[in-house]
Number of protein chains: 2
Amino acid sequence: MLLWLRHYRRAMLPGDISAGIVVAMMMIPQGMAYAMVAGLPPVVGIYASIAPPLLYALFGTSSTQSIGPMAIISLMTASTLAPLAAPGSALHGVLAAQLALMSGAVLLACGLLRIGFLANFFSRPVMSGFTIGSAILITWGQLPALLGGALPHVHAPSALLGVGALALLVWARQWMAATLRRLKIPAVAADIGAKLAPMAVVLGSLALVSGLGLDARGVATTGEVGAGLPHLNLATSSAHWQALLQPALLIGFMIFLISMSGAQTLALKRGEKLASNAELLGLGAANIGSALSGGFPVTGSISRSAVNFAAGANTQLASVVTALLLGVALVAPNGWLALLPLPVLAATIIVAVLTLVDLSLLRTAWRYDRADAAALLATAAGVLALGVEAGVVVGVALSMGALIWRASRPHIAVLGRIAGTEHFRNIDRYSAATAPGLMMLRVDAGLFFGNVEAVNERIEEELAAHPDTRHLVLVLSAVNAIDTSALFGLKELNASLRARGVLLHLAEVKGPVMDRLKESDLLQSLSGRLYLSAAMAWDDLVE
Amino acid sequence: MLLWLRHYRRAMLPGDISAGIVVAMMMIPQGMAYAMVAGLPPVVGIYASIAPPLLYALFGTSSTQSIGPMAIISLMTASTLAPLAAPGSALHGVLAAQLALMSGAVLLACGLLRIGFLANFFSRPVMSGFTIGSAILITWGQLPALLGGALPHVHAPSALLGVGALALLVWARQWMAATLRRLKIPAVAADIGAKLAPMAVVLGSLALVSGLGLDARGVATTGEVGAGLPHLNLATSSAHWQALLQPALLIGFMIFLISMSGAQTLALKRGEKLASNAELLGLGAANIGSALSGGFPVTGSISRSAVNFAAGANTQLASVVTALLLGVALVAPNGWLALLPLPVLAATIIVAVLTLVDLSLLRTAWRYDRADAAALLATAAGVLALGVEAGVVVGVALSMGALIWRASRPHIAVLGRIAGTEHFRNIDRYSAATAPGLMMLRVDAGLFFGNVEAVNERIEEELAAHPDTRHLVLVLSAVNAIDTSALFGLKELNASLRARGVLLHLAEVKGPVMDRLKESDLLQSLSGRLYLSAAMAWDDLVE
């Protein structure tokens, strides 16, 4: 907790302050836009950008992570609340806070239970498929706001404004940094300048709306933002706990995955070490804080964190600066924000989520591992066809299926003796001799419920191919653990082999494994013997 | 399909016929009792015992599996249908058939997709915990039928009959085989005789009820069973498809797990090989057949299959004989079945499910692996506290958590050279020399999404401990595969190390892994080199 503060050096201050300012400029339009994605008033996006980063700074371990509203989590929030309350209603806001509270509690509990290893749950192709599917859903959902009406109805001034902003933002994303660099602006500054394009476009559109009176001509705007800091909001409805429980689990899970995947990429660049359980605590506290200050579920934003990193953030102090600036924006006169045109906010959302869509992983996977490419496409299709929650479930199922499939195919080698040595090697790879009546197998994985059947099957195959076998030696040199399921599997194998006149021997059992086996009755009932080495087994069993 | 029939020999016939008769005697009371557990009229249990074994015989690969009603699956059926229809109502029957149809379709689809490896999903402790929890729930649910009233109300004649039958059955289970053996009856016959005790008790109670007119004194009986074979029942309600979808997935999953766990135990005794995808097809066909003939979800029964095995069943013909006999029982005059007292049926259920409760696994796990014991108890508690469906989910979550935890801790060895040889070994276990500036790591697992972070973390730890490192060699002799996630992980590692002035080299890459890597751009961007062996890397990199 607050490790970064204890080692704070004065030289870190300039980087942290400038990064904090840059990220705040990015956060204001993004926060308001993502609140809209979640079906909430734009100001809620500002609320959700103040307490969360401050609380994350207390526990989190990533120095550059920018915590706040994020497109996919906002989409999940909207999709969860859609059947429960009308977007924009007071109940909708209360339930959004309640969802953040429950997701935060889930994250906090996971952190206290120290199950951060669950971050290994999703494969990258599945995560990429989930992101692509979500980005398409979000873009689709923003089209009415962008064009000023549900298709095929279009409000021309709104559409002009929206599509114009979109074109400008796409240009800024693709070419602005290069243009700035050609103007002799340093590379880092040019990159950051390009990232501030949304803020510039938003401010420009604001001027346009107020100058031309576009709001009077039917262009929708944010309306009164409301001044003052967020108030502690504890008025949550207890009637909806149950309906929100499963979504809170899924959203908590995705908050963690999204935050970790961004933070890990940046941590790798700096050789910084993240502690996944501390991250869980940080994200849990951030979401509970968001709930209590009238916000909604938040996570680490990959795009904002990258800007924070590039703008020179050295520690979590940069996020503290951002939070303070957003607080100032709320208490300062902000009536001008009321004229912010929604088509332009929609354009910033679309450009931001399209940045998340990275097809390079799909291209690589398609060439490199077709099964991974299929998992990516299946997850994206799942999100599009069944919705974002079901998409998470599809992703989990695919990742787990891959894990089980992999675990159920351990590498098993038939060993032979290299002539004139004490060495035993895989007979498929080395010219090693076997002895009649003796079968030696080495399993290159810990024995556990996921592979015990596969080991049994392989043994039956080898015995069927060598019906003269009288002694089966399992060489356990690569077995670091044997779980209870595998223990019972070995006991049954022992009984089954004994009934068929084959003795089961164990060789090269590791120390910790042997200590455990002594607590069971396997060794007493073993039909064969224990050998310290494969060579000793060979010398004893080959006549 | 029908492999067993092609290799049928005449000598197998006596065993199959006698086993078929014995199992039929066991199936009649069990089928009726389990129909009651599912909230269905007893005759439905007979229906569900005819088509399913015939269809299983077409596809299934276990020679001794007895397919039909089973206690736990009946409990899951009852719990699924409880919120949808009143037990005993016509709708309840239609929905039970529909649930069997949907579960069967799930199983069939899994078989066609060849995902039978999912049988490795549950660890034995989790399965045992699930069984114990379910057995307690079933016993609790049968107490009112056993005692003739909901506690604390007891109907004395019913309770006398029920508890008397229970005592008799417990005695038969514990001591009858021994008694029969003392009477010089051969051991196998004595064991089978003991298994037929429920049928004898049921027939005895029938005589008692009709002799003493107990039904007139308020002892509940089955009532009119209805004659004639089951009719094809296609009238399923389409309104409930959605409500039944998730339960059908869970029930299909448990049908498969329960059937496989019983069949595998018996297959091991005979050295018989089960094909899990064929088992999925057999179970799928059996459940669809059950649905179409007015039944409910069915699976392989561990207790009946064991009797089938012990009574000498050689092939699936034994099950065909059983099915034919049950068909005869339906078309023969069966008015006498109407007087079957429910307290006695409840007693047979309780004794049958208590047979499933095997505490030896808990005892072993408690001594051998406390985490496995905790998983067992948590699953049992989950079933008792949250219900049987939630119990499956708890079990899956615990098993998956264990799998991820295991996958996320690959064994990684720092290698050193054994002086004067070409051999490289783990420096923690051998006295092997390392060289300054050179770090050699061997990962003893395939690289994939589940362990790529762990590998990165370990590398960072080793680099932090040896800041003078200029060359990192990953020795991939034990790496059989690298998935897309790990490929990206390696690319990021390469870039991150390069930025810190450390070159990344790969050694002993296996042929199939190398073929795949050539399809990616990792090798082009690799900062270091590829070496055929660890020794070659050493010779090249150590000055």
Side-chain angles (χ1 to χ4, degrees), chain A residues 115 117-126 264-265 268-269 271 273 361 364-365 367-369 372-373 399-409 411 444-446 448-454 456-457 460 463 478 480-481 483-485 487-489 492-493 495-496 499-500 516 519-521, chain B residues 115 117-126 264-265 268-269 271 273 361 364-365 367-369 372-373 399-409 411 444-446 448-454 456-457 460 463 478 480-481 483-485 487-489 492-493 495-496 499-500 516 519-521:
Chain A
I115 53 178
F117 66 87
L118 289 183
N120 298 306
F121 218 104
F122 258 31
S123 71
R124 291 207 194 193
V126 162
Q264 270 160 350
T265 308
L268 206 56
K269 288 193 180 165
K273 199 166 146 42
L361 202 144
T364 301
R367 269 202 332 272
Y368 181 76
D369 188 338
D372 272 340
S399 295
M400 287 301 95
L403 197 55
I404 297 166
W405 187 75
R406 182 176 297 275
S408 66
R409 301 165 75 240
H411 184 248
D444 291 338
F448 77 114
F449 67 89
N451 61 21
V452 60
E453 285 307 325
N456 269 344
E457 269 178 34
E460 292 297 342
L463 289 180
N480 288 308
D483 81 351
T484 306
S485 303
L487 176 72
F488 275 80
E492 288 164 2
L493 177 68
S496 161
R500 289 180 275 165
R516 294 290 275 288
E519 296 294 312
S520 80
D521 57 358
Chain B
I115 52 176
F117 66 87
L118 290 183
N120 298 307
F121 219 105
F122 259 32
S123 71
R124 290 207 194 195
V126 163
Q264 269 160 350
T265 308
L268 207 57
K269 288 194 179 165
K273 196 166 148 43
L361 202 143
T364 301
R367 268 206 329 275
Y368 181 76
D369 188 339
D372 273 341
S399 294
M400 287 303 94
L403 198 54
I404 296 166
W405 187 75
R406 181 177 297 277
S408 66
R409 301 168 74 239
H411 185 250
D444 291 339
F448 77 114
F449 67 89
N451 60 22
V452 61
E453 284 309 326
N456 269 345
E457 268 177 35
E460 292 298 341
L463 289 180
N480 288 307
D483 80 351
T484 307
S485 305
L487 176 72
F488 276 81
E492 288 164 2
L493 177 67
S496 161
R500 287 180 276 165
R516 293 289 276 288
E519 297 294 312
S520 81
D521 58 357

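In what follows, chains are A, B, ... by sequence order, proteins preceding strands, each numbered from 1.
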Asks: Heavy-atom distance under 4.5 Å to chain B: side chain of Ala402(A), backbone, both or neither?
Replies: side chain
Asks: Just verifying a value: how many Å separate Asp444(B) CG and Asp444(A) CG, rounded to the nearest 0.5 Å?
Replies: 8.5 Å
Asks: Where does Ala365(A) contact chain B at under 4.5 Å (heavy atoms): side chain, backbone, both or neither?
Replies: both
Asks: Any chance you could measure Phe117(B), atom CZ, to Ile404(A), atom CD1, to the nearest 0.5 Å?
Replies: 6.5 Å
Asks: Name the member of Glu457(A), Gln264(A), Arg409(A), His411(A) that forms the most heavy-atom pairs with chain B at distances under 4.5 Å.
Replies: Gln264(A)
Asks: Taking every heavy-atom pair that is under 4.5 Å apart, which of Met400(B), Arg516(B), Glu519(B) has the most such pairs with chain A?
Replies: Arg516(B)
Asks: Between Asn456(B) and chain A, with a heavy-atom cut-off of 4.5 Å, which part of the residue counts as in contact: side chain, backbone, both or neither?
Replies: side chain
Asks: Side chain from CB out, backbone as N, CA, C, O: work out which of these in Ser123(B) comes under 4.5 Å of a heavy atom of chain A, or both, or neither.
Replies: both
Asks: Among the options Asp521(B), Asn480(B), Asn451(B), Leu403(B), pick out the one with the most heavy-atom pairs lying under 4.5 Å from chain A.
Replies: Leu403(B)
Asks: To check you understand the geometry: which heavy-atom pair defines the closest contact between Thr484(A) and Pro125(B), and what is its length?
Replies: CB-CG, 4.1 Å
Asks: Taking the side chain from Arg367(A) and the backbone from Ser520(B), do they hold a donor-acceptor pair closer than 3.5 Å?
Replies: no
Asks: From Phe488(A) CZ over to Leu361(B) CG, what is the distance, rounded to the nearest 0.5 angstrom?
Replies: 4.0 Å
Asks: Short question: side chain of Asp369(A), backbone of Asp483(B) - any donor-acceptor pair under 3.5 Å?
Replies: no
Asks: Are Arg124(A) and Phe449(B) packed together at the side-chain level, in the sense that at least one heavy-atom pair is separated by less than 4.5 angstrom?
Replies: no
